Structure formats: C-alpha cells, structure tokens
Amino acid sequence: MSSQAAIAKLHAPLGKLVAGAAEHGSPDYGKSEKEQAEVVEWIEKVAQGDVVKPENLKHLDAKLTPRTYLVSNYFTVADAALYGALHPVFSQLQPAQYYSHPAVTRYFDHVQSLPSVRKAAEALAPAFSVVTFDLDNAPKAERKPDPPKEKKKAQPAVTEAKAGKPEKAKETPAVAKVNVAEPTASENSGKASKKEKKEKKTSDAADAGKSKGAGGSKAAAEEGSGEPVPSMIDLRVGHIVHVEKHPDADGLYVEQIDFGEETGPRTVVSGLVKYIPIEQMQDKYLVGVCNLKPASMRGIKSFAMVLAATSKDGKDGGVELIEPPPNSKPGERVYFEGSELESATPLSQLNPKKKIFETIQPGFITLETREAAWVDPATKSVHKIRTKDGTCLAPTFVGASLS
C-alpha cells in the first residue's frame, strides 16, 4: 500500500491535515523502500486509533524517547498523522498527565511548531489549534544512583597471629589501608593534623581543576567562576537535512539540522533569507552554537544558532555561513586553539543573564586566510576555530565578524 492510499483511510479532518502538511512542505513519504513501508505502517496504526489511546501513551513514550521523528531523522507524513491523532488527547491533558509522558510531549510540541504543519492546521482551524505546555515547571526526572558496590572486607591483623605470625597491626597503622578521605574508627589510625587536611583539600581542588571532559573544567564552568571564555561555548559541526521559509516571517528560514544526536535533528530558525538563497542552504554543512537557551522566533522555537560571517562592510556586504573542514561529520566537536581552551568542556547551557556569548562575540573574526578565529581582547592572541581535521573557514570574507 502506498502512503497516499493509507492517508486516504484517515478520517476527516485528520486526513486533510496530513495532506495539507505534505502540500505546504516537502511531501516526505520515505526516502527508501524500508522507510516508505514504515511510514505506511505508522499511518495505519494511527487510522486504527489504538496507538494514541491514553493507556498506550507509556509505550509510545518509550518509542519516542530516542527519536525526533517516527521514521529516520526527518519529518514525514507519518509525523503529521500522529500529531493530528494526538491533538484531541493532548488538548485535554493536565500538566501532571503530560509531565508523565515527556518524550511524547516533546515530540508533539516539536511537530505542531513545524511550518508545514501549522499552515495545514490553520486551514482547518480550530480543529488543530496550538496546545501550550508549561514545560518550564516540569519536575526534574529522578535518577536513581547505582547501588554501591560491595566492599571486600580487609583481612584483620589477627589472621596473621592465628597463623603463627607476629601481629603487625600496631606497627603498620590502619590508616595506610583505607582512603584518607574516609573517617576510620580505629584508634590506631591516628588523626590527620589540621595542616595535612588543609593540604589534602588544596591538592584535591587543584586536581579537579586539571581534569578534562566531564570533570573539573565542566564543574568550574557550570559554577560560572571567572570571566567568560570562548571554551564555554558549545560549537559543533551541523548538517542541514531540511530547510524551508518561516510561514510567518519573510526573512527567516526554519532548518532541521543534524548535530549527530540520538534524538535527531534540531529545529533552528535563522535570519538568512535575504543573504543566502534557499538552494545554497540545502544539504549544507556548517558550525552551530548548541548551548544557547532555546528561544521562540515568531512562534517557532529555535534550539541552536548557525555561526555566520558578516562582511566587514556590514550586512549590505553579505553574510556567509562558516564552513567546517571537508568530510566533517555531524556532531564533531569544534573548538578554539590553545592548550587551556582545547582541554576545557563547554557549559551545558549558557545563562542568558550572564551574557557569556555576547561578551565573547566581539572577538570573533575571519583572518586574512579566511580562517575563523577568536582574538583575545586583552592579550591580542589569536585562537583559530577548528575541528580535529582542520580550521573552519568563511567562503570569501576576510576581516568579517562572526555571530
């Protein structure tokens, strides 16, 4: 059965919604035979009605937890069908109910914001009006710590005595056999002096500051200690898998950008319509800022920002996307040259109140070689923006600002 035949089985107005979404956007029915079959299978499930019953939402939530879309990593008519079928359910749910199905709620909110879906929904108003969610006050997911590993009991010193050997417990204090960070009840362990404790605390703090990855650097960054530095910004290689014009803003594009995440592409809104033709945006590899706080732009929430170079003559001189090295993969880390910057871990999310990006941004520039870089305003040292395979470039601009 074809997708069109499956859509014809959907009751009105759901069938009209799906057909309208295909008409207003790219009518994706699956890019391979396998994906096309999955699209048909999902539409048939929706037509049967069981998949969206309240008692089945838990199962659907598990299905959607690792996904952005039902099939592959792009929007298909199956997503329009599931959204439309979920609409009467979600329009009646109370916060406590949709909080208990976070993946389905996130999926529903994302799909209802897609331009092609909104256009189709508006034509059928009020059947598929926008459903609002109080996600800012959603309870945090509880993560149970792993059960502590059972510690092997140390052999008591009396064991040696029983074996006919002299007891050495008093000669070798028990403190040597335990973690000095843990208290011991043994009187023979002795008490660490205040000086030793202070030295230990200072040493631990220094070690934490030197650790990489998810260790000390991240902890320090999350505390927001010190002045803003470029390494707090999470830059990654992105790949535009779909792009269309914003339905309510002539100057905005709405892109689906793959950043190599299991949850699928992110929706990104960018004001590039006047500067870059849509055909040059399609299938484009770029550099994205991935830890800005999501922001709604004319009704569509944007979950990242593309890094672009603006001519030294201003926007009238043109805007270009910064390009990663050839053969880059979505999700690859983009970082700033320099030992301290390279080893640091970005913040999970930039705090808008601290204006970290706004503080760093004036130092972004393209060099005479067209390489993207950050110039330290204090030391004038140049830190090129790169991946493990090379530096990131502007196609033509020299001396351009980046934002």
Side-chain angles (χ1 to χ4, degrees), residues 66-69 73-75 106-107 109-115 135-136 218 221-222 228 230-246 249 251-273 275-276 278 280-310 319-324 328-336 345-361 364 372 374 385-387 392 394 401-403:
R67 303 184 183 187
T68 298
Y69 300 106
N73 61 353
Y74 58 92
F75 173 78
R106 180 259 306 160
Y107 169 85
D109 192 37
H110 173 64
V111 174
Q112 77 169 348
S113 300
L114 296 176
L135 300 180
D136 291 337
K218 184 174 182 179
E222 287 178 342
S231 54
M232 293 178 176
I233 302 171
D234 183 5
L235 298 177
R236 304 183 211 167
V237 173
H239 175 215
I240 299 178
V241 296
H242 180 76
V243 58
E244 58 189 346
K245 290 185 178 179
H246 194 297
L252 300 178
Y253 283 129
V254 180
E255 306 114 9
Q256 299 299 316
I257 303 181
D258 179 11
F259 286 108
E261 298 168 309
E262 291 184 358
T263 51
R266 296 190 187 193
T267 297
V268 180
V269 181
S270 56
L272 298 173
V273 171
Y275 310 103
I276 304 176
I278 194 168
Q280 293 181 21
M281 295 287 290
Q282 293 168 350
D283 203 37
K284 184 75 173 178
Y285 281 81
L286 47 76
V287 175
V289 181
C290 294
N291 60 343
L292 297 173
K293 185 176 180 180
S296 182
M297 300 181 69
R298 298 295 292 271
I300 297 179
K301 189 168 286 188
S302 181
F303 293 88
M305 184 187 82
V306 298
L307 191 64
T310 301
V319 177
E320 299 177 339
L321 291 178
I322 293 297
E323 299 175 345
S328 295
K329 305 297 182 187
E332 280 188 35
R333 179 175 176 247
V334 179
Y335 56 91
F336 300 84
T345 301
L347 297 177
S348 58
Q349 185 177 96
L350 298 179
N351 186 340
K353 294 181 180 180
K354 295 188 176 181
K355 297 188 180 300
I356 294 172
F357 185 83
E358 292 82 353
T359 302
I360 299 301
Q361 186 272 331
F364 286 149
W374 175 72
I385 300 173
R386 61 173 298 126
T387 71
C392 301
S401 62
L402 307 182
S403 59

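All values derive from a computational prediction rather than experimental measurement. FYI, the numbering just counts along the sequence from 1.
Among all heavy-atom pairs drawn from Leu350 and Met232, the shortest one is CD2-O, 3.6 Å. For Ser302 against Met297, the heavy-atom pair with the smallest separation is CB-SD, 4.2 Å. Nearest heavy atoms, Ala309 versus Ala394: CB-CB, 4.2 Å. Closest non-hydrogen pair, Phe303 versus Arg266, comes out as O-NH1, 2.8 Å. The minimum heavy-atom distance between Ile300 and Pro115, with the atom names listed, is CD1-CG, 3.6 Å.
A donor atom on one side chain and an acceptor atom on the other are not found under 3.5 Å apart for Glu255 and Thr267. Neither side chain, Tyr275 nor Glu320, offers a donor N or O lying under 3.5 Å from an acceptor on the other.
Pro265 places none of its side-chain heavy atoms less than 4.5 Å from the side chain of Tyr74. Residues Arg106 and Asp109 fail the side-chain proximity criterion, which asks for heavy atoms closer than 4.5 Å. Using a 4.5 Å cut-off on side-chain heavy atoms (C-beta onward), Leu235 and Ile385 make contact. Proximity of Ile257 to Leu286: side-chain heavy atoms (C-beta onward) are separated by under 4.5 Å at one or more points. Residues Met281 and Leu321 are in side-chain contact: their nearest non-hydrogen atoms beyond the backbone lie under 4.5 Å apart. Side-chain contact between Tyr285 and His239: present, with at least one pair of heavy atoms (C-beta onward) separated by less than 4.5 Å. In this structure, the side chains of Tyr69 and His110 come closer than 4.5 Å at one or more pairs of heavy atoms. Considering only heavy atoms from C-beta on, His246 comes within 4.5 Å of Val269 through its side chain.
The one candidate from Val287, Val334, Val237 that meets the side chain to side chain contact (heavy atoms under 4.5 Å, CB included) condition with Ser328 is Val237.
Salt bridge annotation for Arg236-Glu261: present, with a cationic side-chain nitrogen under 4.0 angstrom from a carboxylate oxygen.
The CG atom of Leu114 sits 8.0 Å away from the NE2 atom of His242 when rounded to the nearest 0.5 Å. Remark: Asn291 CG to Ile356 CD1 distance equals 8.5 Å, nearest 0.5 Å. Here the OG-CZ distance, from Ser231 to Phe336, works out to 8.0 Å after rounding to the nearest 0.5 Å. Considering CD1 of Ile276 and OH of Tyr253, their distance stands at 7.5 Å, rounded to 0.5 Å. In this structure, the separation between NZ on Lys284 and CD1 on Ile278 is 14.5 Å, given to the nearest 0.5 Å. Between atom OG of residue Ser270 and atom CE of residue Met305 there is a gap of 10.0 Å, rounded to the nearest 0.5 Å.
Panel note: side chain Glu332, backbone Lys329; a donor-acceptor pair is recorded below 3.5 Å.
Enclosure of atom CZ in Arg298 is not indicated, since only 12 or fewer non-hydrogen atoms of other residues, nucleotides or ligands lie within 6.0 angstrom.
The aromatic rings of Phe364 and Phe357 sit tilted, their planes meeting at an angle between 30° and 60°.
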Notebook entry, point to check: Going through the distances and angles, do Leu402 and Ile322 end up as a side-chain contact (heavy atoms from CB on, under 4.5 Å)?
Noted result: CA-CA 8 Å; Leu402 307 182; Ile322 293 297; 3.6 Å; yes

